[in-house]
Participant: 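If you scroll down you'll find the structure; I have some questions about it.
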Amino acid sequence: MRKNKTHDLSLPGVDPSVYLSDNYVVLDFEVYVGDGHFGSSLDPRNHLALACYSNMATGGMRSHWGGEFDQADLCRAVEKADFIVGHNLKYEYGWLRRCGVDISRLIGFDTQIAEYVLLGNLAAGDPEHGVPRTSISLDACCIRRGLASKDPIVDIWIKNGISVADMPRAWVEGRCKQDVKSTQLLFKLQREALRRSGRVHLLYTRCLLTPVLATIETTGVHLDAERVRETTASYRGRLAELESEFAALTGGINFRSPKQVAEYIYDTLGFEEPKGRDGAPKRTPGGNRIANKRVFDSLKAKTEDQRRFLEIKRDIGHVSSALSKNLDYFQEICDERNSIFHAQLNQTVTATHRLSSTGIPEVSEKSVQLTNIPRAFKRLFNARRDGWLIGEVDGAQLEYRVAAFLGNDPRARDDISDPAFDIHILAGAEATRRPYEECYAAYKRGEEWAIALRQWAKIRTFRPLYGGSSGTPDEQRWFAAFKERYSVLADKQKDWVYEVLEHKELRTPWGLRFYFPTARLSSTGYCNVGNAVYNYPIQSLATAEIIPIAIIHFWHRVRASKFEDFIIPVNTIHDSLVCEVHPDYVEQFRDICRLSFGHDVGSYLARVYNLHFDVPLGAGIKIGTHWGSGEETKYEYSKAES
DNA sequence: TCAAGATGCGCG
DNA sequence: AAAGCGCGCATCTTGA
């Protein structure tokens, strides 16, 4: 690997011990809400109204009524502090950015994220297994600790959309100052709790990501209006055709109604309900007959009516959901918002601490979040400036590699390091009882059957990693082969389950703790939360620690190189980062991707997490005119190279 | 009439 | 008895 001076990355501080300093500023803002929502800094109709902040270095509470261009004292205070403290700091970062502060240099301690880290997976809860969500609102955090709660009157006003402009100033100011005081007390208790339980570095890393997300949210994503127009028109035409065909065939049932569809297929068409091994029909949790895609794929048509119905039903569901969930919104955005839309990236929602996303209604009430856009529609996104490109980097087979590391499985390690090993080919080969070499060679020669086999296997390959065991005989053959091949990993996962059954808690090697208060073992040896226990550590280390660490380093490397006007992150989905890239900065983009998703992750995990991640990491990079276009280049990184 | 629950389907 | 995990949004159904 060639030497690159960007190795001496200067992250702001890069040390969680910064939180031990007493030079910090606690802050809370009130906003004039003009968008009818929550006063996000993204919306130009919203304006900063009041800033209250407590400066620990100088002492005393300050408050200042003023807009985002009238907060010079606040800006100076936060820039001089070692870190800032607030509840849901992404909001404050967004406003500080509008105030003109360089938020990349501001370290945060977010008390909402701190509570989320302390709670492990309990903030998300697990209603399916009888664990309710735990609120991490400032009020809830304070009440749990016996601290003062919010002024209920002002709280009700704000929750009901009353503008700050219409409330008595003294009341608003009183509430804002109270929130700052509560936040500071909460911070001190959380800092101690995190320190005692060895989780400060987790909070620190989450908080380093926050300004990156605030910036991505502000930037938004850009649609190719011409492609959106063509695609929407074609989908609408197709839906109209399918609707009339469907109506003619069924006599006018509503294809969106699972109830009507179930009646039609089981009563009118006479399909048999799918049955479990015991012979009883499989039903929805509510006891209704199932009418979903899985069932339709398993039904075998015997009559012409049945065959046509299955065909049309499959297409109509796909086309109508594409329109109502994506294309209608995209069209609005192209027509009325210059083809750019925004969404939130949430840090405190999921059980495994990966991000989630929420759409933002911009024209009608519709919204689209950024993590479940159909792959077929990635091609509708391009860069907002002519001639620019879209670059996407993802962690190659990240969860597989993380599993190999956590399980310390020698076979998995060897497989990952072997350039002639393809796990999807192995899955296909095992399932169909063919020799691996034959399938691999045919795949490499580009033979169609081998490509199809690999495609078939791909969606099943890692099911056994998360406890999957049921399926067709072919599938089950692979699942068994997987568990046998990676038996060391499988045993480690069983150990996790034993630990959970004994302690109702799982302590991960990097410090995050998961809690399973309702864990129990049935008389048949089945653990009610077993599959979650198999999954959480792997999903979490991969997509809640490693990818955020990579993204943080990516962002700071771009800024340290002064490329921030040429390489602009616009989205992240679990294991990937999407950027708009100036055509002259493609090589720089590749270099920064390789370093941040490889070297930086390893060195940060060792230094800050005391975790020596010794399975090689890889990155896949695609660059093209539209999202998802262009040939993928794969990079492998191992410590030996550095 | 409206909110909450159930269901289906998109992504990693 | 059977059983991959994690999410958010649109639509229909249910129940007050």
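Protein chains get the first letters and strands the later ones, always in sequence-line order, with residue 1 at the start of each. For clarity, every value in this text was computed on a predicted model and none was experimentally measured.
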Participant: Would you classify A:G359 as touching base, sugar-phosphate or nothing, given that sugar-phosphate means primed atoms plus P, OP1 and OP2, and contacts are heavy atoms under 4.0 Å?
Facilitator: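 It contacts sugar-phosphate atoms only.
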Participant: Angle between ring planes, A:H353 versus A:F514, binned at 30° and 60°: parallel, tilted or perpendicular?
Facilitator: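 If you compare the ring of A:H353 with that of A:F514, the planes turn out perpendicular.
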Participant: If each of A:H129 and A:N372 is mapped to the nucleotide of DNA chain C with the nearest heavy atom, which maps nearer the 5' terminus, i.e. the 5' end?
Facilitator: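 Nearer the 5' end of the strand: A:H129.
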Participant: May I ask you to verify if any side-chain N or O of A:K378 is less than 4.0 angstrom from the OP1 or OP2 atom of B:dG12?
Facilitator: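 Affirmative; the distance criterion is met.
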Participant: Looking at A:T543, I'd like to know whether one of its side-chain N or O atoms comes within less than 4.0 Å of OP1 or OP2 on C:dG6.
Facilitator: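 For A:T543, the contact criterion (side-chain N or O under 4.0 Å from OP1 or OP2 of C:dG6) is not met.
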Participant: Rounding to a whole Å, what distance do you find between A:N571:CG and C:dG8:C1'?
Facilitator: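 Result: 14 Å.
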Participant: Can a side chain N or O of A:H353 be found less than 4.0 Å away from OP1 or OP2 on C:dG6?
Facilitator: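 Answer no for this pair, as no side-chain N or O of A:H353 is under 4.0 Å from OP1 or OP2.
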Participant: Between B:dG12, C:dG4, C:dG8, spot the one nearest the side chain of A:T358, thanks.
Facilitator: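 From the listed options, C:dG8 comes nearest.
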Participant: With both distances under 3.5 Å as the test, what is the Watson-Crick or G-U wobble partner of C:dG4?
Facilitator: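 By the stated definition (distances under 3.5 Å), nothing pairs with C:dG4.
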Participant: Less than 4.0 angstrom between a side-chain N/O of A:S576 and OP1 or OP2 of B:dG12, yes or no?
Facilitator: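 False: A:S576 side-chain N/O out of range (4.0 Å or more) of B:dG12 OP1/OP2.
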Participant: Any N or O donor-acceptor pair linking the side chain of A:N531 to the base of C:dG4 at under 3.5 Å?
Facilitator: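 Per atom types, no contact qualifies.
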Participant: I'd like to know whether the aromatic ring centres of A:F462 and A:Y400 sit less than 6.0 Å apart in this structure.
Facilitator: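 A:F462 vs A:Y400: aromatic centres under 6.0 Å.
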Participant: Can you tell me if the side-chain N/O atoms of A:T352 get under 4.0 Å from OP1 or OP2 in C:dG6?
Facilitator: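 Result: no.
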Participant: Taking atom C1' of C:dG6 as reference, at what distance in whole Å does atom OH of A:Y534 sit?
Facilitator: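 For the pair A:Y534 OH and C:dG6 C1', the rounded distance is 18 Å.
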Participant: Rounded to whole angstroms, how far apart are OH on A:Y536 and P on C:dC7?
Facilitator: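 Atom OH in A:Y536 sits about 6 Å away from atom P in C:dC7.
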Participant: Check whether A:K90 reaches the backbone of A:L345 with its side chain - one donor and one acceptor, N or O, closer than 3.5 Å.
Facilitator: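 Present.
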Participant: State which of C:dT13, C:dC7, B:dG12 makes the closest approach to the side chain of A:Q260.
Facilitator: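 The answer is C:dT13.
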Participant: Ring of A:W456, cation from A:R460 - is the NZ or CZ under 6.0 Å from the centre and inside 45° of the axis?
Facilitator: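 Judged by the rule (NZ or CZ under 6.0 Å from the ring centre, within 45° of its axis), A:R460 counts as positioned above A:W456.
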Participant: Within the pair A:N254 and C:dC12, is there a side-chain N or O less than 4.0 Å away from OP1 or OP2?
Facilitator: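 Checking A:N254 against C:dC12: at least one side-chain N or O falls below 4.0 Å of OP1 or OP2.
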Participant: Could you tell me how far apart A:D126 (CG) and C:dC7 (C1') are, to the nearest whole angstrom?
Facilitator: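 The answer, rounded to whole Å, is 13 Å.
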Participant: Check the angle between the aromatic planes of A:Y264 and A:F309 and answer parallel, tilted or perpendicular using the 30° and 60° thresholds.
Facilitator: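 Ring orientation of A:Y264 relative to A:F309: tilted.
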Participant: Look at the side chain of A:Q369 against the base of C:dC9 and say whether a donor-acceptor pair falls under 3.5 Å; ignore hydrogens and angles.
Facilitator: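 There is none.
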Participant: With nearest nucleotides of DNA chain C determined for A:E365 and A:A124 from heavy-atom distances, which residue corresponds to the more 5′ nucleotide?
Facilitator: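 Looking at DNA chain C, the more 5' nearest nucleotide goes with A:A124.
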Participant: How many whole angstroms separate atom OH of A:Y116 from atom P of C:dC7?
Facilitator: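 Interatomic distance, OH of A:Y116 to P of C:dC7: 8 Å.
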Participant: Counting only side-chain N and O atoms of A:S470, is one of them less than 4.0 Å from OP1 or OP2 of C:dG4?
Facilitator: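 A:S470 to C:dG4 OP1/OP2: side-chain N or O found under 4.0 Å.
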Participant: Select one nucleotide: of C:dA10, B:dG8, C:dA2, the one nearest the side-chain heavy atoms of A:Y526.
Facilitator: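 Out of C:dA10, B:dG8, C:dA2, the nucleotide with an atom closest to A:Y526's side chain is C:dA2.
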Participant: Is there a donor N/O on one and an acceptor N/O on the other, under 3.5 Å, for the side chain of A:K325 and the base of C:dC9?
Facilitator: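 Answer is yes: a donor-acceptor pair is held.
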